[in-house]
Colleague: 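For reference, the structure I am asking about is given below.
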Amino acid sequence: MSKLNWNKIWRWIHLAAGLILVIYHSRIAYVEYGWMETTWSADVDKFVSTTFIFLVMWTGLAKWPVYPWYKKRQNRKKREAKAEAAESTA
C-alpha cells in the first residue's frame with residue numbers, strides 16, 4: 001500500500017462526496033424521466049446543498065489547483081538555493 005498523504009486524503013474525500021452528489025442528482029433525473037415517483041425531501045436537499053456541495057467544492061480546491069502550484073514554487077526555491085550555493089563556492 002502506498003504512503004498516505006494529504007493529497008490522497010483530499011482526493012478520496014473529493015471523490016466520495018462527488019459520488020454522493022452524482023447519486024443525488026441521478027434520483028432527481030429519474031423523477032424527471034418518470035422512472036421514480038418521488039424525489040428527495042426538503043431536509044435532504046438542504047443537507048446536500050450545505051454539506052456535500054461545500055465538501056466537493058473545497059476539497060476540489062484543496063486537491064487540484066493549489067498543490068501543483070505549491071510544489072512548483074518549492075522546487076523553484078530549491079533550484080535557486082542550489083544555484084546560489086554553487087555560485088558561492090565557485
Side-chain angles (χ1 to χ4, degrees):
M1 184 172 175
S2 62
K3 185 178 173 186
L4 192 63
N5 58 30
W6 279 108
N7 197 30
K8 291 178 184 175
I9 292 169
W10 286 127
R11 178 185 300 135
W12 286 108
I13 292 171
H14 184 74
L15 290 173
L19 183 61
I20 291 170
L21 282 179
V22 167
I23 293 167
Y24 172 78
H25 286 101
S26 296
R27 181 158 174 183
I28 293 170
Y30 292 160
V31 170
E32 291 294 320
Y33 289 129
W35 298 342
M36 296 179 101
E37 296 297 321
T38 61
T39 187
W40 303 104
S41 68
D43 291 335
V44 172
D45 287 339
K46 184 177 180 182
F47 179 73
V48 168
S49 67
T50 58
T51 305
F52 287 102
I53 292 175
F54 176 84
L55 275 174
V56 170
M57 180 179 66
W58 287 109
T59 57
L61 288 174
K63 163 63 182 101
W64 305 111
V66 176
Y67 182 74
W69 294 341
Y70 174 78
K71 189 155 180 99
K72 190 175 187 178
R73 191 186 84 205
Q74 291 299 101
N75 288 341
R76 188 192 76 222
K77 286 182 179 180
K78 286 179 186 176
R79 283 192 310 269
E80 288 172 355
K82 199 182 276 189
E84 286 179 18
E87 286 177 7
S88 65
T89 60

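Numbers here simply count residues along the sequence, with the first being 1. Everything quoted here is computed from the prediction, not taken from an experiment.
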Colleague: Do you know which two heavy atoms are closest between Lys8 and Lys3, and how far apart they sit?
Modeller: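 Smallest heavy-atom distance, with atoms named: NZ-O, 3.0 Å.
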Colleague: What's the separation between atom CD1 in Ile28 and atom CD1 in Ile23, rounded to the nearest 0.5 Å?
Modeller: 12.5 Å
Colleague: In terms of ring plane angle, is the pair Phe52 and Phe47 parallel, tilted or perpendicular, where the classes change at 30° and 60°?
Modeller: perpendicular
Colleague: Report yes or no: do Val22 and Leu15 belong to one cluster of Ile/Leu/Val/Met/Phe/Trp/Tyr joined by side chain heavy-atom distances under 4.5 Å?
Modeller: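 No, it is not one cluster - the side chains of Val22 and Leu15 are not joined through contacts under 4.5 Å.
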Colleague: Is any side-chain heavy atom of Val56 less than 4.5 Å from a side-chain heavy atom of His14?
Modeller: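 Yes. Closest side-chain heavy atoms under 4.5 Å.
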Colleague: Establish whether Val31 and Trp35 are linked, either directly or via other cluster members, by ILVMFWY side-chain heavy-atom contacts under 4.5 Å.
Modeller: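 Result: yes, single cluster for both.
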Colleague: Could you grab the distance from atom CD1 of Ile53 to atom CG of Leu21, nearest 0.5 Å is fine?
Modeller: 5.5 Å
Colleague: For Glu80, does the CD atom sit with more than 12 other heavy atoms under 6.0 Å from it, leaving out its own atoms?
Modeller: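 Yes, the 6.0 Å shell around CD holds more than 12 heavy atoms from other groups.
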Colleague: Does Thr51 reach the main-chain N or O of Val48 with its side chain, forming a donor-acceptor pair under 3.5 Å?
Modeller: no
Colleague: Is it possible for you to say whether Trp12 and Leu19 belong to one hydrophobic cluster, with membership spreading through side-chain heavy-atom contacts below 4.5 Å?
Modeller: no
